[in-house]
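What you are looking at is a predicted structure, and each value in this text was computed from that prediction instead of being measured. Labels below follow one simple rule: chain letters A, B, ... track the order of the sequence lines, proteins then strands, and each chain is numbered from 1.
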Protein chains: 2
Amino acid sequence: MKGSNAEQDYLESYRPGDYPSVALTADLVVFAITGGVLQVALVRRGAHPFKDQLALPGGFVGPRESADDAARRELAEETGLDLGNLPVHIEQLATYTGPLRDPRMRVVSVAHLVLLATDGSALPEVSAASDAAGAGWYPVYDILHGHHSGPLAFDHSMILLDGLNRLAGKMEYTTVAAQLLTEEFTLSQLRTVYEAVWNAPLPPGNFTRKMTPQLEDTGKKTRAPGGGAPAALFRATDRHIHPPLARPRTNL
Amino acid sequence: MKGSNAEQDYLESYRPGDYPSVALTADLVVFAITGGVLQVALVRRGAHPFKDQLALPGGFVGPRESADDAARRELAEETGLDLGNLPVHIEQLATYTGPLRDPRMRVVSVAHLVLLATDGSALPEVSAASDAAGAGWYPVYDILHGHHSGPLAFDHSMILLDGLNRLAGKMEYTTVAAQLLTEEFTLSQLRTVYEAVWNAPLPPGNFTRKMTPQLEDTGKKTRAPGGGAPAALFRATDRHIHPPLARPRTNL
DNA sequence: TAAATAGTGTCTGTTAGACAGTATACT
DNA sequence: AGTATACTGTCTAACAGACACTATTTA
């Protein structure tokens with residue numbers, strides 16, 4: 001049943017017109033931490049529809065790549081970051097299929113959640129994409145509140161909110177938060193990530209006690225930057241936190 | 001900037017050939033409980049590729065519907081169930097975009113997790129789909145182990161596994177498990193659902209104590225079926241369980 | 001010395017986990 | 001009566017939450 005006859009057989013089983021076709025894009029919700037604030041990478045649209053409004057970066061999925069491959073390629077293209085070197089966390093978020101979400105034509109977007117590693121102070125370089133008049137980092141909670149910006153293009157505000165909720169939820173029971181930091185980090189830095197994403201303060205002492213057994217101790221210590229004791233450097237493990245870390249009331 | 005000129009403008013901004021197009025399907029991971037065992041609805045393929053192998057039900061997303069709408073329509077068509085009446089839980093699971101997952105052409109599948117309400121004994125009716133030679137319910141863990149069946153068509157084994165993991169994980173911190181039962185249910189029935197999905201026994205006493213405050217008490221009681229005290233009937237709420245219910249070692 | 005940060009100790013209230021015990025119904 | 005199921009009580013160990021306290025560094 002596996003000769004060329006059978007092949008001929010099923011290759012005829014679909015004819016053009018039997019099925020609707022759609023354009024497929026990979027959209028990116030790229031998060032990074034700066035100054036204790038959760039930031040998202042956005043581009044400003046140069047063309048209609050939603051001209052001059054902010055949008056998530058993204059682009060078409062090529063004929064021979066998966067959506068995840070496309071997400072990696074787009075990330076490199078739109079931000080100039082090379083994923084080969086940097087430890088970048090990418091996971092599929094959700095797929096948005098509303099038939100009218102793009103007025104031009106049927107576009108289905110597979111959204112991806114991307115976490116960039118930073119040392120908590122310097123932003124990773126962001127270069128403008130070819131089809132965007134500008135690109136930059138924006139504080140997530142400001143964008144979601146619509147401060148100084150207005151809504152995002154298409155249904156990107158909803159995608160961004162879904163991305164934030166995914167990240168915030170996953171941080172309760174995994175150590176994903178470490179993906180927003182360099183390979184070695186202190187518990188203070190990690191706590192800063194939690195506070196930035198959850199938009200709520202956490203008591204330092206209890207945070208240390210809860211997280212320490214979930215991480216790998218490198219044995220190294222930091223030199224204290226502006227006064228204070230040197231902090232131990234940890235490395236992330238893929239452990240599940242059980243029981244999860246309790247999240248305070250959401251401050252969105 | 002919003003006149004018909006601008007409209008003309010952006011309608012020209014994409015020409016055929018600028019972007020690759022794909023066929024979009026909605027695939028269903030339909031779960032139900034019978035006899036304390038988690039079952040999944042599968043169809044047997046009548047055509048190549050993967051002829052005569054078991055597959056998840058699904059079908060093309062129409063030009064004017066979202067993937068979620070298509071999932072609801074397919075569920076009604078393939079199982080003969082009317083979702084207007086029954087309380088059926090549907091949520092998007094993930095999207096599978098590997099360029100070679102269907103040898104005939106580029107097919108992107110948005111998988112959905114579907115939970116059918118049963119009383120724990122009778123199976124919901126399943127009628128064969130038009131393009132499938134047979135349809136039925138199969139124990140999930142048997143299928144995943146490949147007992148008496150072999151692997152599923154396409155990448156459907158992975159989709160099924162993802163669906164199981166999503167459900168099992170969500171049951172730790174929500175009351176989704178109640179979506180596999182009728183509107184009013186006893187704690188024993190709910191515990192049966194947990195045991196079927198997690199494939200592990202749970203101590204009845206502690207389960208009752210943990211779950212009772214998460215549910216709405218109807219005040220009613222069951223008549224005891226085969227000896228034993230009458231059980232209180234509860235209704236599901238959308239509460240988050242905090243802290244989550246601990247899951248025993250996975251028995252997959 | 002003063003200030004800032006890291007990390008530990010301590011106390012209390014809550015809960016999981018284990019399991020015994022009691023209550024209620026059917027056969 | 002015997003049995004099966006529902007539910008509550010009890011005990012212990014572990015943990016969260018709150019907060020004080022010590023230690024180590026820089027200015």
Exercise for review: For the pair A:Y96 and A:D27, evaluate side-chain hydrogen bond (donor to acceptor under 3.5 Å, both in side chains) and give the outcome as yes or no after the intermediate values.
Suggested key: CA-CA 10 Å; A:Y96 299 83; A:D27 285 1; over 6 Å; no
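We find that CG of B:L202 is positioned 15 Å from P of C:dC19, with the value rounded to whole Å. Taking atom CZ of B:F207 as the reference point, atom C1' of C:dC19 lies 18 Å away to the nearest angstrom. Counting to the nearest Å, the C1' atom of D:dA6 and the CG atom of B:L190 are 15 Å from each other. One can place CD of A:E172 at 14 Å from C1' of D:dA16, the figure rounded to the nearest angstrom. What separates CG of A:L245 from C1' of D:dC15 is a distance of 13 Å, to the nearest Å.
A ring-centre distance under 6.0 Å is found for B:H147 and B:H145.
With B:Q92 contributing its side chain and B:D68 its backbone, the two residues share no donor-acceptor pair below 3.5 Å. Side-chain atoms of A:Q214 never come within 3.5 Å of backbone atoms of A:M211 as a donor-acceptor pair (strictly under, hydrogens ignored). A donor-acceptor distance shorter than 3.5 angstrom exists from the side chain of A:S157 to the backbone of A:L152, with no hydrogens or angles considered. Distance alone, capped at 3.5 Å, is enough to place a donor-acceptor pair between the A:H156 side chain and the A:L56 backbone.
Nearest-nucleotide positions on DNA chain D for A:R223 and A:N206 put A:N206 closer to the 5' end.
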Dump every N/O contact between nucleotides 12-15 of chain C and the protein below 3.5 Å, one line per pair.
none

Write down the protein N/O and nucleotide N/O pairs, taken from nucleotides 5-7 of chain C, whose separation is under 3.5 Å; answer none if there are no such pairs.
from, atom 1, to, atom 2, distance (Å)
C:dT5, O2, A:A229, N, 2.9
C:dA6, OP1, A:S188, OG, 2.3
C:dA6, OP2, A:S188, OG, 2.7
C:dG7, OP1, A:A232, N, 2.7

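Residue pairs meeting the salt bridge (Lys or Arg N to Asp or Glu O under 4.0 Å) criterion with at least one partner in residues 143-157 of chain B, sequence neighbours excluded, are B:R101-B:D155.
Atom CZ in A:F207 sits 9.0 Å away from atom OG1 in A:T212 (nearest 0.5 Å).
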